[in-house]
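Just the heavy atoms: all of them, side chains too, but no hydrogens, waters or symmetry mates, feed the values below.
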Amino acid sequence: MTARESLPMDIFAELSWRQLVHQTTDDQNLPRWLAERPRTVYAGFDPTADSLQVGNLVAVMILRHFQKAGHRPIALVGGATGMIGDPSGKSEERNLLSVDVLRANLAAIEAQLQRFLDFDCGASSALMVNNHDWMGRFGYLEFLRDVGKHFPVNVMLTKDSVRSRLQRTDVGLSYTEFSYMLLQAYDFVHLYDEYGCELQAGGSDQWGNITAGIDLARRLCSVQLYGMTCPLLTRSDGAKMGKTASGTLWLSPEKTSPYHFYQYWINLDDSDVGTCLRFLTELGPEEIKAVMDEHRTDPGRRGAQRRLATEVTRLVHGPDGLATARQATEIFFGAEVGELSDAQLQGIFADVPSSQLPRDRLAGEGLSIIDALFESGLAKSKGEARRTITQGGAYVNNRRVEGIETCLGPQHLVGESTVVLRSGKKKYALLRFTGG
RNA sequence: GGGGGGUUUCCCGAGCGGUCAAAGGGGUCAGACUGUAAAUCUGAUGGCGAAGCCUUCGCAGGUUCGAAUCCUGCACCCCCCA
């Protein structure tokens, strides 16, 4: 999709109907400016962890939309800014990451971003940059003279990110974090100089940093750059999207299995599905409307959640990840554990605790189901195991265990060496019989 | 300094010499129901076991055939009067 003077779609209209536009620095002219010809837009990602999370996905999607619309996206990873820590939206001073951790995080995040953008499609090919490449060369004195001179402290003090921290008496704000906005501001100027990037996108908490960059560009280069922010993705109950009892929902399959990722969306509250469909999928307005209409007719089927989970999981984990997640879902909700190999089981039950037992435990009379539940950790004591079985809450390979006399033998093995135990509706554990 | 009350099983909280593994509630775990939700209902809830046995009621001793329950000392907590 090579972009010439004619653009394949109106990006501003696209983002608007998705309600992804929270604020812009020029409501009057930005839509027209974007429609005129291909532009270059950037969004930044901080290497605070070795994976992006769901919250980052909104910015990623925005870059994708820009690219689809014929513009050129730049994904910036904050090798330099990550060393400082952005105070925006943070209630307290952050601990600095070590250089090694930072380097590993950067590499991981760069790899993740690769899959969301097209880096080889002519004029609108995406770019990946690391601000450490230009910030690292700056000397302190040089930076103060060239950049710091243009920042009136009284203006900096009015930024929300700074002010909210100064108002609190229990936490402070270090000079380091206070200076963060200078770095991000300079990034914007640098990307303008280097790549003609004139627009920065980010979450609504980035407003102060974005406008700081625009101010700096005006002073240093006498140009008018643009900024736009999107709403932060939150749930209707106020909680952050992508936070679960067990922690953050990561995009990395190592940190959050495709199954859990898929399940998060399946379980999403009805009132949040619409927003997520608009924010996190590329379905068009008609299709989303159709999905939502159908969902309202029969909320029990949770068609909207299913569609959302399908789309987002496919986007993040690819068709294979989606397939694994779906297969795992079927099994987790009671489907027969049939002819699966150890490797498949390993994938499906990636997050499930497993224990190793010597294979000869299955020989002779076999392994008592009570001991099996106890040793797998599903029951804290043999009494508890007994109870669970008596009450009909124990399952072997998803078949209910009928009596406490049941013993496991080789005939219960699935795959090469695995027995799938379950207690209650969805508490699973694997037993792996090895050796001998 | 003087006087009084407390410390119970995951939590709160009954118990006041045997029938106490210890009422009740919460939580938790199963089951039913359900939209993989919420609410509700049912059952279970120290450990090992077929009966039965073992370990628990702040800590250490003692009285008794027998103690969470009585006595003595110790530790911690709370309240009242100075």
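For the pair A:Arg64 and A:Phe116, the cation does not sit on the ring face, since its NZ or CZ is not both under 6.0 Å from the ring centre and inside 45° of the axis.
One N or O donor and one acceptor, one from the side chain of A:Asp270 and one from the base of B:G35, sit under 3.5 Å apart. Between the side chain of A:Glu384 and the base of B:U45, no donor-acceptor pair under 3.5 Å is found.
Here the separation of B:U69 from B:U19, taken at their C1' atoms, is 15 Å to the nearest Å. The separation of B:A21 from B:G46, taken at their P atoms, amounts to 13 Å, rounded to a whole angstrom.
Note on A:Arg302: a side-chain N or O is less than 4.0 Å away from OP1 or OP2 of B:U36. The side chain of A:Ser381 places an N or O atom within less than 4.0 Å of a non-bridging phosphate oxygen (OP1 or OP2) of B:C48. Between B:G31 and A:Tyr395, a contact under 4.0 Å exists linking OP1 or OP2 to a side-chain N or O.
Between B:A30, B:U34, B:G35, one nucleotide has an atom nearer to the side chain of A:Gln305 than all others, and that is B:G35. Of the candidate nucleotides B:A32, B:G43, B:U36, B:A32 has the atom lying nearest to any side-chain atom of A:Arg400.
Comparing A:Thr388 and A:Phe374 by the nucleotide of RNA chain B that holds the closest heavy atom to each, the one mapping nearer the 5' end is A:Thr388. Ranked by how close their nearest RNA chain B nucleotide is to the 5' end, A:Arg386 and A:Lys426 are led by A:Lys426.
B:C54 atom P lies 19 Å from atom NZ of A:Lys382, rounded to whole Å. Atom CZ of A:Arg301 is separated from atom C1' of B:A37 by 17 Å (rounded to the nearest Å).
Of the nucleotides present, none pairs with B:A50 by Watson-Crick or G-U wobble criteria with both distances under 3.5 Å.
Below 30°, between 30° and 60°, or above 60°: for A:Phe261 and A:Trp265 the angle between ring planes is above 60°, a perpendicular geometry.
Residues A:Glu14 and A:Lys68 are not paired through a salt bridge, judged by the lack of any N-O separation under 4.0 Å between the basic side chain and the carboxylate.
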**OP:** Give the intermediate values and the outcome of salt bridge (Lys or Arg N to Asp or Glu O under 4.0 Å) for residues A:Glu294 and A:Arg307.
**Re:** CA-CA 11 Å; A:Glu294 195 188 322; A:Arg307 187 61 191 275; over 6 Å; no

